Chemist: 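Would you mind keeping the following structure in view while I ask a few things?
Note that the coordinates shown come from a computational prediction; the quantities given were computed from them, not determined experimentally. Chain identifiers are assigned alphabetically (A, B, ...) following the order of the sequence lines, protein sequences preceding nucleic acid strands; residue numbering begins at 1 within each chain.
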Amino acid sequence: MRVVVASGKGGTGKTLVAANLAAVVACLCDVVLVDCDVEEPNLHLFFPSEKKLLPVLADVPVFDTVRCDHCGECARTCQYGAIVVLSQKNLFFPEMCHGCGGCEIVCPQGAITMGKREVGRIEFSRPRAGLTLVSGVLNEREVAAPRVIREALRYAAGHPLVICDAPPGTACPLVETLEGADFCILVTEPTPFGLHDLSLAAGVAGVLGVPAGVVINRSIGEDEIIWRFCRSENIPVLWTIPFEKRIAELANEGKVLTDEIPEMKELFLRLFAEVRHRGEAGL
Amino acid sequence: MIICITSKGPKSTDPVEERFGRSPYFLFHDTEKGDFDPVTNKFADAAGGVGPRAAQVLIDRGAKVLITGNVGGNALSVIQAAGIEVFRYRDGGSVEDAFQKYQKGLLGKMA
Ligand code: SF4
Ligand code: SF4
């Protein structure tokens with residue numbers, strides 16, 4: 001089963017929920033936790049430990065400057081503006097290249113071959129018994145977030161239990177993470193902004209056919225705005241995390257709540273039981 | 001010498017467009033012929049890479065000077081590598097006005 005923890009935007013406590021859920025589940029069975037927030041991965045802050053690195057490579061053109069006669073065909077073909085041909089040399093912008101290989105095909109001089117370049121990396125660690133952490137990391141200025149996410153998910157594929165921390169937003173990176181998941185936990189705050197992002201993220205899950213449930217974070221007991229939305233959309237509210245200074249403090253220190261507060265462990269286990277039940281039944 | 005001015009329309013009386021890559025038109029002025037030749041920027045609405053692609057149009061037409069409001073990072077490196085000088089115009093006037101101010105040396109050069 002693969003569970004995705006998403007929120008539509010950052011800062012709602014999505015990573016906190018993913019980290020704690022994985023920590024309590026790891027006491028019961030093996031779990032792989034995947035950080036799909038590749039532009040700003042931070043799950044490792046909760047689980048410091050030694051890591052192994054594997055590069056994520058993308059295809060890029062390599063120019064043979066002797067063969068090239070600067071005809072400009074490659075630049076005309078590139079849809080992404082990654083190549084500019086001057087009279088004496090070609091300029092190439094690797095971070096704009098999507099690796100489609102179009103330029104190689106059209107070059108009349110056979111001056112282009114496809115090579116590789118690193119756009120990011122996957123970090124593996126085993127911070128505690130039962131828990132494997134797989135973090136996707138996109139290099140700065142790169143645009144290929146979906147590619148790094150796909151790679152990270154590939155390493156987790158086939159494992160009986162995978163929990164993913166989704167990227168913020170509702171664009172390609174979220175779609176890449178959610179597609180094919182068995183359940184989506186939507187973490188939100190009981191505010192109009194929270195509701196706005198929640199409704200967008202819930203929409204993406206709906207389109208992809210992934211069943212979803214809501215966790216309301218930082219509740220001060222006035223959550224009607226979220227409940228009303230969930231009732232009208234027929235999305236279950238799985239759990240409400242009260243606003244407590246201690247929770248915020250521990251999270252800021254990078255501590256796992258379920259290690260520090262025994263009741264939290266119970267509550268996260270109950271959340272997991274509910275998610276597993278719904279994910280397996282496709283509810 | 002060929003000068004390119006980014007423009008909202010095809011005529012030299014049309015207002016200058018301040019964005020380079022997303023400019024609807026490029027008006028090419030040949031100082032020997034004295035006319036303004038409009039070229040539609042077919043990348044104005046493209047999803048990505050508009051700056052470098054638009055810069056390629058200038059290079060292919062042999063422009064030596066570009067007058068516009070602003071040029072983004074990648075496009076600027078292309079334009080500089082091609083030896084094209086960029087002058088900034090932000091007075092909100094017509095292409096004509098920008099050209100006259102350029103001739104009088106009133107426009108600042110973008111580094
Ligand atoms: S298509 Fe080939 S020959 Fe033409 S400019 Fe590009 S690399 Fe050079
Ligand atoms: S591989 Fe595709 S995206 Fe990259 S430079 Fe060539 S044509 Fe452009």
Chemist: Using non-hydrogen atoms only, which part of A/V85 is less than 4.5 Å away from chain B: side chain, backbone, both, or neither?
Modeler: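 Contact with chain B involves both backbone and side-chain atoms of A/V85.
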Chemist: Which atoms of B/A46 are under 4.5 Å from chain A, going by heavy atoms: the side chain, the backbone, both sets, or neither?
Modeler: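 Contact with chain A: none, neither part.
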Chemist: Between B/A55 and chain A, with a heavy-atom cut-off of 4.5 Å, which part of the residue counts as in contact: side chain, backbone, both or neither?
Modeler: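 Neither the backbone nor the side chain of B/A55 comes within 4.5 Å of chain A.
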Chemist: Over all heavy atoms of both residues, which pair between A/Q79 and B/R53 is shortest? Give the atoms and the distance, please.
Modeler: O-NH1, 2.9 Å
Chemist: Taking all heavy atoms of A/L91 and all of B/S77, pick out the closest pair and write down the distance.
Modeler: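 For A/L91 versus B/S77, the nearest heavy atoms are CD1-O, 4.4 Å.
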Chemist: About how many Å separate CG of A/L86 and CD of B/Q56, when rounded to the nearest 0.5 Å?
Modeler: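 B/Q56 atom CD to A/L86 atom CG measures 7.0 Å (nearest 0.5 Å).
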Chemist: Does A/Y80 reach the side chain of B/P52, with side-chain heavy atoms less than 4.5 Å apart?
Modeler: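 No, their side chains stay 4.5 Å or more apart.
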Chemist: Would you say that more than 12 heavy atoms from the other residues, nucleotides or ligands in this model lie under 6.0 Å from the CZ of B/R90, or not?
Modeler: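 Yes, because the 6.0 Å sphere around CZ of B/R90 holds more than 12 heavy atoms from other groups.
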Chemist: Is A/Q109 atom CD crowded by more than 12 heavy atoms from other residues, nucleotides or ligands, each under 6.0 Å away?
Modeler: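 Yes - once you tally the heavy atoms of other residues, nucleotides and ligands closer than 6.0 Å, there are more than 12.
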Chemist: Please say whether more than 12 non-hydrogen atoms of neighbouring residues, nucleotides or ligands are located less than 6.0 Å from NZ in A/K89.
Modeler: no
Chemist: With sequence neighbours excluded, give me every ring-ring contact (aromatic ring centres under 6.0 Å, His included) pair touching residues 49-92 of chain B.
Modeler: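 Applying ring-ring contact (aromatic ring centres under 6.0 Å, His included) to every pair that reaches into residues 49-92 of chain B, excluding sequence neighbours, yields B/F87-B/Y102.
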Chemist: Looking at A/E118, I want to see if its CD is surrounded by more than 12 non-hydrogen atoms of other residues, nucleotides or ligands under 6.0 Å.
Modeler: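 Counting neighbours around CD of A/E118, more than 12 heavy atoms of other residues, nucleotides or ligands fall under 6.0 Å, so yes.
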Chemist: Are there residues of residues 24-37 of chain B that reach to under 4.5 Å of chain A by heavy atoms, and which ones?
Modeler: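 Contacts with chain A: none.
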